[in-house]
**Student:** 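The following block contains the structure, expressed as structure tokens.
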Amino acid sequence: MKEEDLKDLEKKLWEAADKMRGAVPVSSYKFIVLGLIFLKYISDSFEEKYQALIDEGYGLEEDRDAYLMDNVFYVPSKARWEYLNVHSKDSNIGQIIDEALEEIEKENPSLKGVLIKQYNSPDYKNVNLGELIDIFTNIKIGSKEAQDKDILGRIYEYFLGQFASNELQKGGEFYTPACLVRTMVEILEPYEGRIYDPACGSGGMFVQSIKFIKKHNGNARNLTIYGQEKNPTTWKLAKMNLAIRGINNEGLGKFADDTFHNDLHKDLKADFVLANPPFNISDWGQEKLVDDPRWKYGVPPKGNANFAWVQHMVSKLSMNGKAAIILANGSLSSDTGGEGDIRRNLIEADLVDCILAMPPNLFYTVTVPCSIWILNRNKKQKGKTLFIDARNLGTMVTRKLRELDENDIEKIASTYRKFQNNENYEDIAGFCKEATTEEIKENNYVLTPGRYVGTEEQEDDGIPFEEKMKVLTTELKAQFEESHKLEYEIKKNLEAIGYGI
């Protein structure tokens with residue numbers, strides 16, 4: 001399937017599925033649609049493997065090991081898409097789907113408690129589930145060919161983005177725009193090791209990390225995933241998002257919980273941390289955690305959790321660990337509640353490797369720009385921090401939404417790599433600047449990139465300064481004389497009709 005055909009398919013599927021909305025809020029509707037996409041995927045995958053076994057002369061659909069060996073979920077007969085399609089117009093189709101999901105969980109321990117079984121809920125009585133089943137029936141998204149092209153992943157990611165756009169989630173509660181995540185992944189280069197996200201949403205950081213490995217012909221099994229999510233339904237979404245891609249989701253824990261108050265990975269030391277924690281949350285329960293050992297660089301203020309997230313992630317880094325964290329821009333300069341002291345201590349500890357100022361309009365509803373902090377336990381450039389001002393990068397793809405393309409992402413990532421490796425790196429006025437800790441200290445430990453990179457140099461047009469001034473004064477003189485001439489004409493005309501000035 002060509003790229004343009006896939007984009008057309010994504011759009012058609014969304015338009016068709018979106019017609020079904022209206023009956024329930026988008027916050028609930030996304031689980032109806034994504035749950036059916038998941039069902040279609042595992043059914044396609046099972047049916048193809050089942051047919052392959054028949055062709056090989058086995059014909060044993062009950063031999064679960066034959067499916068598990070190929071990372072294929074076992075799907076009981078009454079949970080397969082063919083069965084659902086036959087009964088799609090039955091009045092109790094909601095009950096049939098819920099029972100199918102129940103059977104799938106029983107057969108596949110990694111999905112236990114993950115699938116959202118609400119199709120028979122009275123809240124969904126006005127949703128035409130049969131029509132939704134019809135929409136997905138004619139596309140193969142779980143076959144080997146479809147998996148090789150990651151068709152389901154593309155559709156799933158596209159739908160997550162569309163739901164985020166329609167649901168108006170501030171800052172991306174369950175979804176971080178893919179271009180932002182790709183930028184972080186390209187900088188960290190997580191080829192192998194342990195990767196952690198303490199506010200993992202629907203699991204986009206993990207998905208992009210696996211894509212990075214595959215893009216560079218690495219082995220995805222060399223990356224072990226750990227994550228935590230507070231919202232129970234979003235946690236289930238993350239579990240499904242990883243499961244459909246064959247990624248082990250056990251590292252997301254057995255339930256959803258608050259990272260600050262019940263850390264599910266207390267002993268973890270990660271090689272990579274990637275996160276987009278919620279911006280500026282004020283009700284994070286600081287009063288119960290004042291003496292927490294994670295606050296090595298200062299107790300975060302009660303009214304803002306930004307530096308609680310930062311210090312939690314620093315505490316999870318191995319001796320050579322690196323983190324990429326999306327934060328509100330206020331974290332770059334705020335002195336409120338001791339935040340300035342925490343920032344100073346992080347800088348003095350030589351943890352701040354790079355700060356990126358990102359463009360506005362990258363999120364669906366939050367137009368303000370954000371920043372990406374790159375923290376490093378073992379910096380290659382000791383005592384130095386790279387500042388990148390990427391605010392002018394990206395293209396407006398709609399009236400309200402901006403995206404970074406591959407060239408933008410590579411420009412940022414290659415600049416960081418050059419700085420890291422001290423190879424052909426050069427400061428570029430208006431874009432990037434290598435600053436020492438002493439320079440940052442002179443700027444009161446403020447980390448706003450614009451303060452360091454300066455303004456973009458204008459090209460010299462070769463015209464001498466004296467000549468430019470001569471032209472400018474001539475133009476100003478002409479404008480002055482013209483305005484006086486106009487004033488004289490107006491005065492003269494008014495006097496002619498009896499109005500003197």
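Everything numeric here is computed off the predicted structure, so don't read it as measured data.
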**Student:** For the residue pair Leu332 and Pro449, establish whether any side-chain heavy-atom pair is separated by less than 4.5 Å.
**Tutor:**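 Leu332 reaches Pro449 side chain to side chain.
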**Student:** Rounded to the nearest 0.5 Å, what separates atom OH in Tyr416 from atom CD1 in Ile187?
**Tutor:**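 With rounding to 0.5 Å, OH (Tyr416) is 7.5 Å from CD1 (Ile187).
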**Student:** Got Cys179 and Leu362 here, is their nearest side-chain heavy-atom distance under 4.5 Å?
**Tutor:**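 Cys179 reaches Leu362 side chain to side chain.
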**Student:** Which heavy-atom pair separates Val75 from Phe46 by the least distance, and what is that distance?
**Tutor:**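 It is N-CD1, 3.6 Å.
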**Student:** Look at atom CZ of Arg294 and say whether more than 12 heavy atoms of other residues, nucleotides or ligands are closer to it than 6.0 Å.
**Tutor:**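 Yes, enclosed.
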**Student:** In chain order, what residues pass the side-chain hydrogen bond (donor to acceptor under 3.5 Å, both in side chains) check against Thr436, with sequence neighbours excluded?
**Tutor:**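 Once residues adjacent in sequence are excluded, the partners of Thr436 under the side-chain hydrogen bond (donor to acceptor under 3.5 Å, both in side chains) criterion are Glu439.
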**Student:** NZ of Lys302: more than 12 outside heavy atoms within 6.0 angstrom?
**Tutor:**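 For Lys302, atom NZ is not crowded (no more than 12 foreign heavy atoms under 6.0 Å).
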**Student:** So, Lys433 and Glu426, do they make that salt bridge, N to O below 4.0 Å?
**Tutor:**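 No, no charged N to carboxylate O under 4.0 Å.
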**Student:** Pair Trp295, Ile342 - check side-chain contact (heavy atoms from CB on, under 4.5 Å), show working.
**Tutor:** CA-CA 9 Å; Trp295 316 147; Ile342 299 173; over 6 Å; no
**Student:** Who passes side-chain hydrogen bond (donor to acceptor under 3.5 Å, both in side chains) against His265, sequence neighbours left out?
**Tutor:**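 By the side-chain hydrogen bond (donor to acceptor under 3.5 Å, both in side chains) rule, His265 matches no residue at all.
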**Student:** Flag the pair Ile326 / Leu180 as yes when at least one side-chain heavy-atom distance between them is below 4.5 Å, and no otherwise.
**Tutor:**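 Sidechains of Leu180 and Ile326: in contact.
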**Student:** Find out whether Val33 and Phe136 are in side-chain contact, i.e. whether some heavy atom of one side chain is under 4.5 Å from a heavy atom of the other.
**Tutor:**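 In contact.
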**Student:** If you compare all heavy atoms of His261 against all heavy atoms of Trp284, which two are closest, and at what distance to 0.1 Å?
**Tutor:**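 So the two residues come closest at NE2-O, 2.8 Å.
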**Student:** Within a 6.0 Å radius of atom NZ on Lys379, are there more than 12 heavy atoms belonging to other residues, nucleotides or ligands?
**Tutor:**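 Yes - once you tally the heavy atoms of other residues, nucleotides and ligands closer than 6.0 Å, there are more than 12.
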**Student:** Which heavy atom in Ala270 sits nearest to a heavy atom in Tyr196, and how many Å separate them?
**Tutor:**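 Here Ala270 and Tyr196 meet closest at CB-CB, 3.9 Å.
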**Student:** Spell out, as yes or no, whether a donor-acceptor pair under 3.5 Å connects the side chain of Lys49 to the backbone of Asp44.
**Tutor:**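 A pair under 3.5 Å: no.
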**Student:** Using atom types as modelled and distance alone, determine if a side-chain donor or acceptor of Glu186 lies under 3.5 Å from a backbone N or O of Ile409.
**Tutor:**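 Looks like no, no N/O pair under 3.5 Å.
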**Student:** Could you grab the distance from atom CG of Leu404 to atom CD of Glu410, nearest 0.5 Å is fine?
**Tutor:**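 Leu404 atom CG to Glu410 atom CD measures 13.0 Å (nearest 0.5 Å).
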**Student:** Would you name the heavy atoms of Ile412 and Ile388 that are closest together and state the gap between them?
**Tutor:**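 Heavy atoms of Ile412 and Ile388 come nearest at O-CD1, 3.9 Å.
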**Student:** Tell me, with the steps shown, if Leu317 and Phe272 meet side-chain contact (heavy atoms from CB on, under 4.5 Å).
**Tutor:** CA-CA 7 Å; Leu317 291 176; Phe272 306 99; over 6 Å; no
**Student:** Are the side chain of Asn241 and the backbone of Ser202 linked by a donor-acceptor contact shorter than 3.5 Å?
**Tutor:**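 Yes, the answer is positive, given that a donor and an acceptor are paired below the 3.5 Å cut-off.
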**Student:** Would you find a donor on one side and an acceptor on the other, under 3.5 Å apart, between the side chain of Asn444 and the backbone of Val446?
**Tutor:**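 No, the answer is negative, given that no donor and acceptor are paired below the 3.5 Å cut-off.
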**Student:** Quick one, Asn85 and Ile133 - any side-chain contact, counting heavy atoms below 4.5 Å?
**Tutor:**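 Side-chain contact under 4.5 Å: yes.
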**Student:** Answer with yes or no whether the side chains of Asp405 and Asn407 bring together a donor and an acceptor at under 3.5 Å.
**Tutor:**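 No, Asp405 and Asn407 have no side-chain donor paired with an acceptor closer than 3.5 Å.
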**Student:** Just checking, any donor-acceptor pair under 3.5 angstrom between side chains of Asn108 and Ser110?
**Tutor:**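 Looking only at side-chain atoms, Ser110 and Asn108 do not form any donor-acceptor pair under 3.5 Å.
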**Student:** Is the shortest side-chain N to carboxylate O distance from Glu423 to Arg417 below 4.0 Å?
**Tutor:**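 Here Glu423 does not pair with Arg417 in a salt bridge, since their nearest N and O are not under 4.0 Å apart.
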**Student:** For Ser331, does its backbone N or O pair with a side-chain atom of Asn306 as donor and acceptor, under 3.5 Å?
**Tutor:**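 Side chain of Asn306 to backbone of Ser331, a donor-acceptor pair under 3.5 Å: no, none is there.
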**Student:** Taking atom CG of Asn424 as the centre, report whether more than 12 heavy atoms of other residues, nucleotides or ligands fall under 6.0 Å from it.
**Tutor:**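 Counting neighbours around CG of Asn424, 12 or fewer heavy atoms of other residues, nucleotides or ligands fall under 6.0 Å, so no.
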**Student:** For the pair Glu434 (side chain) and Thr385 (backbone), establish whether a donor and an acceptor sit closer than 3.5 Å, ignoring hydrogens and angles.
**Tutor:**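 Side chain of Glu434 to backbone of Thr385, a donor-acceptor pair under 3.5 Å: no, none is there.
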**Student:** When rounded to the nearest 0.5 angstrom, what is the spacing between CG in Asn304 and CZ in Phe279?
**Tutor:**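 Taking CG in Asn304 and CZ in Phe279, the distance rounds to 11.0 Å.
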**Student:** Do Met358 and Ile372 touch side chain to side chain, with heavy atoms closer than 4.5 Å?
**Tutor:**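 Heavy-atom side-chain distance check passes, below 4.5 Å.
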**Student:** Is the side chain of Lys239 donor-acceptor paired with the backbone N or O of Gly253 at a distance under 3.5 Å, no angle test?
**Tutor:**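 Looks like yes, one N/O pair under 3.5 Å.
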**Student:** Please determine if Arg344 and Asp341 form a salt bridge, counting it only when a charged side-chain N lies under 4.0 Å from a carboxylate O.
**Tutor:**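 Salt bridge: yes.
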**Student:** Is there a donor-acceptor pair under 3.5 Å between the side chain of Thr448 and the backbone N or O of Arg451?
**Tutor:**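 Side chain of Thr448 to backbone of Arg451: no pair is present.
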**Student:** Could you walk me through whether Phe419 and Cys432 pass the side-chain contact (heavy atoms from CB on, under 4.5 Å) check?
**Tutor:** CA-CA 10 Å; Phe419 162 74; Cys432 62; over 6 Å; no
**Student:** Is there a side-chain contact between Leu223 and Ile213, using heavy atoms and a 4.5 Å cut-off?
**Tutor:**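 Yes, at least one pair of side-chain atoms sits under 4.5 Å.
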**Student:** Please check if atom CG in Asn421 has more than 12 non-hydrogen atoms from other residues, nucleotides or ligands closer than 6.0 Å.
**Tutor:**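 Buried by this count: over 12 neighbours within 6.0 Å.
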**Student:** Closer than 4.0 angstrom, basic N to acidic O: yes or no for Asp350 and Arg377?
**Tutor:**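 No, Asp350 and Arg377 are not salt-bridged.
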**Student:** Please assess Arg402 against Asp408 for the test salt bridge (Lys or Arg N to Asp or Glu O under 4.0 Å), listing each intermediate value before the final yes or no.
**Tutor:** CA-CA 12 Å; Arg402 181 188 298 268; Asp408 296 323; over 6 Å; no
**Student:** Considering non-hydrogen atoms only, spot the tightest contact between Asn276 and Met205 and give its length.
**Tutor:**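 So the two residues come closest at N-CE, 3.8 Å.
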**Student:** Mark yes when over 12 heavy atoms from residues, nucleotides or ligands other than Glu348 sit less than 6.0 Å from its CD; otherwise mark no.
**Tutor:**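 Counting neighbours around CD of Glu348, more than 12 heavy atoms of other residues, nucleotides or ligands fall under 6.0 Å, so yes.
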**Student:** Is a donor from one side chain sitting under 3.5 angstrom from an acceptor on the other, for Ser334 and Glu339?
**Tutor:**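 Yes - a donor-acceptor pair under 3.5 Å links their side chains.
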**Student:** Name all residues meeting the salt bridge (charged side-chain N to carboxylate O under 4.0 Å, His left out) criterion together with Asp335; count only those two or more places apart in sequence or in a different chain, and write none if there are none.
**Tutor:**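 Residues passing salt bridge (charged side-chain N to carboxylate O under 4.0 Å, His left out) with Asp335: Arg343.
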**Student:** On a heavy-atom basis, which atom in Thr259 and which in Pro198 lie closest, and how many Å separate them?
**Tutor:**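 Residues Thr259 and Pro198, closest heavy atoms: OG1-O, 2.7 Å.
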**Student:** Excluding sequence neighbours, so at least two apart, what forms side-chain hydrogen bond (donor to acceptor under 3.5 Å, both in side chains) with Asn378?
**Tutor:**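 If we apply the side-chain hydrogen bond (donor to acceptor under 3.5 Å, both in side chains) test to Asn378, skipping adjacent residues, the hits are Asn320, Lys382.
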**Student:** Does the distance from a Lys or Arg side-chain N to an Asp or Glu carboxylate O, for Arg182 and Glu406, drop under 4.0 Å?
**Tutor:**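 Glu406 and Arg182: salt-bridged.
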**Student:** Test Ile104 against Phe73 for side-chain contact (heavy atoms from CB on, under 4.5 Å), laying out the working first.
**Tutor:** CA-CA 8 Å; Ile104 289 169; Phe73 291 110; 5.6 Å; no
**Student:** Once side-chain hydrogen bond (donor to acceptor under 3.5 Å, both in side chains) is applied, do any residues pair with Trp309, and if so which ones, sequence neighbours excluded?
**Tutor:**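 Applying side-chain hydrogen bond (donor to acceptor under 3.5 Å, both in side chains) to Trp309 gives none.
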**Student:** Judged by atom type as modelled, is there a donor-acceptor pair below 3.5 Å linking the side chain of Asp389 to the main-chain atoms of Gly430?
**Tutor:**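 Pair absent, no side-chain N/O of Asp389 close to backbone of Gly430.
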**Student:** Spell out, as yes or no, whether a donor-acceptor pair under 3.5 Å connects the side chain of Thr415 to the backbone of Lys411.
**Tutor:**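 Yes; at least one donor-acceptor contact below 3.5 Å.
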**Student:** Taking the six-membered ring for Trp, is the centroid-to-centroid distance between Phe212 and Tyr191 below 6.0 Å?
**Tutor:**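 Under 6.0 Å, so yes.
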**Student:** Is the shortest side-chain heavy-atom distance between Cys354 and Leu375 below 4.5 Å?
**Tutor:**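 Heavy-atom side-chain distance check fails, nothing below 4.5 Å.
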**Student:** Going by salt bridge (charged side-chain N to carboxylate O under 4.0 Å, His left out), name the pairs with one or both residues in residues 351-362, residues two or more places apart or in two chains.
**Tutor:**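 Sorted result for residues 351-362: empty, none.
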**Student:** Quickly, which of Leu274, Ile195, Asn249 forms a side chain to side chain contact (heavy atoms under 4.5 Å, CB included) with Phe206? Name it, please.
**Tutor:**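 By the side chain to side chain contact (heavy atoms under 4.5 Å, CB included) criterion, Phe206 pairs with just one of Leu274, Ile195, Asn249: Ile195.
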**Student:** From Asn231 CG over to Asp258 CG, what is the distance, rounded to the nearest 0.5 angstrom?
**Tutor:**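 Interatomic distance, Asn231 CG to Asp258 CG, rounded to 0.5 Å: 12.0 Å.
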